[in-house]
Amino acid sequence: MSVLQQIRTFGPLRGEFRATLRLALPLVIAEVGWMSMGIVDTIMVGRLPNSAIAIGATGLGQSLYHSVAIFGGGLLLGLDTFVSQAYGREDLPDARHWLVNGIAMALMFTPLLMLAVSFWPELMQRFGVSPELVEPMRPFLSALNWGTLPLLSYFALRRYLQAVYVVHPVMFALISANVVNAVGNWILIYGHLGFRALGITGSGWSTCVARIYMALVLLITVLYVESRRALPAWKDTMHVDLRRMWALLKLGMPAAAQILLEIGAFSGATALCAKLGPVPLSGHEIALNCAAFTFMVPLGISSAAAVRVGQNLGRKDFAGARRAGWSALLLGVGFMTCSGLVFVSAPKFIARLFSPDPRVIQVGATLLLVAAAFQLFDGLQTVATGALRGTGETRTPMLANLVAYWFIGLPVGYVLCFRLGWGALGIWIGLCVGLMIIGSGLLIAWHRRFTTGLAAFFGPPLAGDAD
């Protein structure tokens with residue numbers, strides 16, 4: 001049965017779209033809020049005296065930090081599967097126990113991740129990145145690093161809340177954190193209200209404070225929501241279970257590796273662009289910020305897909321899980337097609353929002369056209385990854401990212417950039433090729449997940465099996 005034939009057999013998907021959107025919209029707004037913090041940082045440091053260096057150093061620092069910190073968050077993605085399946089079985093004490101072990105993992109990995117981040121400036125110097133970018137990046141990266149524990153705690157709390165259908169506080173936390181971050185930037189970057197101007201380092205400290213705020217909002221939300229449930233006290237689940245932590249790692253490690261490979265590919269592209277100088281790097285950062293901004297919408301849909309697929313599987317509703325996945329895929333593809341058309345229509349206007357430098361605008365506008373070409377495939381791979389994660393499948397997305405980015409996309413980009421002299425455009429063409437391969441491959445993987453028999457489809461253990 002072809003993919004299109006399989007979709008037709010589902011009948012009307014109107015109810016599925018409605019259910020997916022009800023869960024996805026607050027998560028999409030939350031993801032957009034997450035990304036907008038980075039965009040606001042880039043715009044505000046772009047108004048400093050040397051715009052190209054300020055944008056380049058900030059963007060490079062953000063890319064390097066997130067390649068490590070988001071890997072740590074990826075280790076907690078197993079909570080999507082285990083908590084949502086427990087919720088589908090109406091076993092909330094089990095869901096609580098997964099959260100406790102997720103928080104324990106966050107505490108355990110924070111020192112290791114902070115240590116890894118501290119090595120980036122020296123590694124960039126050895127890689128040949130200009131000192132005019134590395135030196136201002138160093139204190140900025142140090143400030144970001146102090147927000148690692150609240151960031152991982154936020155990830156764990158968020159995964160729990162969305163898996164039990166409490167999503168509006170997640171949206172509120174991200175929207176209000178943007179206000180905290182923007183005010184902090186205004187105070188600390190430029191020096192207001194008696195504070196001295198810290199430049200891009202002030203942006204790092206502002207982001208750190210905003211992340212502490214987000215974690216506190218979600219912690220208060222969890223305590224409030226759980227206090228209203230007619231359940232036994234938390235003390236019955238307030239202990240670390242090594243079997244659960246191992247189950248989280250087995251599911252989370254491939255997911256984290258997939259995120260590391262994906263973010264690492266774009267961080268690698270950023271490092272390659274840094275070797276070209278501040279202007280190509282700034283243009284790259286503009287296009288990357290825009291592509292990452294639109295990516296937040298299918299990322300929110302992806303989270304909803306993971307939850308809805310997982311909950312249906314917890315109820316043993318395999319047909320419902322399939323419909324939930326396909327409805328999410330169609331929503332993600334539809335949005336990303338529209339965003340690609342926007343990039344094609346006004347690339348210079350978009351680039352001009354970030355920098356007044358004509359050279360930076362030209363590079364950014366050119367790269368936005370390449371970003372437009374891969375939007376649809378980016379939406380496909382993102383939502384398919386979430387839908388597969390809801391079934392407990394995290395290895396296939398990891399392998400797809402490894403092969404498509406690191407064995408094909410980045411080598412092609414390197415040759416086009418440095419051997420053929422295409423510059424940053426060549427690097428982005430390589431990324432585009434990688435995304436097209438990943439999107440197509442994961443769409444096929446999702447289709448096959450339901451055509452190999454339910455026993456093979458439901459091979460990964462449910463949350464309760466860890467007991």
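Within the 4.5 Å cutoff, the side chain of Asn101 has heavy atoms near those of the His97 side chain. A 4.5 Å side-chain heavy-atom check between His66 and Phe71 finds every atom pair outside the cut-off. Residues Leu313 and Thr391 form a side-chain contact, since some pair of their non-hydrogen atoms from C-beta on lies under 4.5 Å apart. You'll find the side chain of Val164 reaches within 4.5 Å of the side chain of Tyr160, heavy atoms only. Residues Leu219 and Leu157 are in side-chain contact: their nearest non-hydrogen atoms beyond the backbone lie under 4.5 Å apart. Between Leu442 and Pro397 the shortest side-chain heavy-atom distance falls below 4.5 Å. Contact check for Phe155 versus Ile70: side-chain heavy atoms found under the 4.5 Å cut-off. The shortest side-chain heavy-atom distance between Met37 and Met214 falls under the 4.5 Å cut-off.
Residues Leu23 and Gln162 approach most closely at CD1-O, 4.1 Å, considering heavy atoms. Between Pro139 and Pro136 the shortest heavy-atom distance is CD-O, 3.5 Å. Across all their heavy atoms, Pro150 and Arg211 have their closest contact at CB-O, 3.7 Å. Across all non-hydrogen atoms, the minimal contact from Ser63 to Glu285 is OG-OE2, 4.1 Å. Nearest heavy atoms, Leu380 versus Leu329: O-CD2, 3.8 Å. Closest approach of Ala271 to Met124, counting heavy atoms only: CB-SD, 4.5 Å.
At a cut-off of 3.5 Å, with distance as the only test, a side-chain donor of Thr20 or Ser327 sits close to an acceptor on the other residue. Side-chain contact check for Gln125 and Glu135: at least one donor-acceptor pair (N or O, by modelled atom type) lies under 3.5 Å. Side-chain N/O atoms of Thr207 and Asp41 include a donor and acceptor closer than 3.5 Å. For the 3.5 Å distance criterion, the side chains of Arg449 and Thr396 fail to qualify, holding no donor opposite an acceptor. Between the side chains of Thr294 and Gln375, a donor-acceptor pair is found at a separation under 3.5 Å.
To the nearest 0.5 Å, atoms CH2 (Trp326) and NE2 (His447) are separated by 7.0 Å. A distance of 9.5 Å separates NE2 of His168 from CG of Leu27, quoted to the nearest 0.5 Å. Taken from SG in Cys290 to CZ in Phe354, the straight-line distance is 4.0 Å, to the nearest 0.5 Å. Here the OG1-NZ distance, from Thr394 to Lys250, works out to 11.0 Å after rounding to the nearest 0.5 Å. Going from atom OG of Ser206 over to atom CG of Leu198 covers 10.5 Å, rounded to the nearest 0.5 Å. For the atom pair CZ (Arg395) and CG (Leu251), the distance works out to 8.0 Å, reported to the nearest 0.5 Å.
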Apply side-chain contact (heavy atoms from CB on, under 4.5 Å) to Leu248 and Phe82, showing your working.
-> CA-CA 8 Å; Leu248 280 173; Phe82 292 122; 3.8 Å; yes
List the steps and the verdict of side-chain contact (heavy atoms from CB on, under 4.5 Å) for Thr148 and Tyr65.
-> CA-CA 10 Å; Thr148 302; Tyr65 175 78; 2.9 Å; yes
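The backbone N or O of Val217 sits less than 3.5 Å from a side-chain atom of Thr221, completing a donor-acceptor pair. Judged by distance alone, with hydrogens and angles left aside, the side-chain atoms of Trp406 form a donor-acceptor pair with the main-chain N or O of Leu261 at under 3.5 Å. A donor-acceptor pair is defined here as one N or O able to donate and one able to accept, closer than 3.5 Å; no such pair exists between the side chain of Thr58 and the backbone of Ile55. Side-chain N or O atoms of Tyr190 include one that pairs as donor or acceptor with a backbone N or O of Met44 at under 3.5 Å. With hydrogens and angles ignored, the 3.5 Å screen pairs a side-chain donor or acceptor of Trp120 with a backbone N or O of Leu64.
Atom OH of Tyr165 has more than 12 neighbouring heavy atoms from other residues, nucleotides or ligands inside a 6.0 Å radius. Counting heavy-atom neighbours within 6.0 Å of Trp146 CH2, excluding the residue itself, gives a total of 12 or less.
Between Tyr154 and Trp34, the ring-plane angle classifies as parallel under the 30° and 60° cut-offs. Classification of the His284-Trp428 ring pair by plane angle, with boundaries at 30° and 60°, yields perpendicular.
With salt bridges taken as basic N to acidic carboxylate O contacts below 4.0 Å, one links Arg138 and Glu122.
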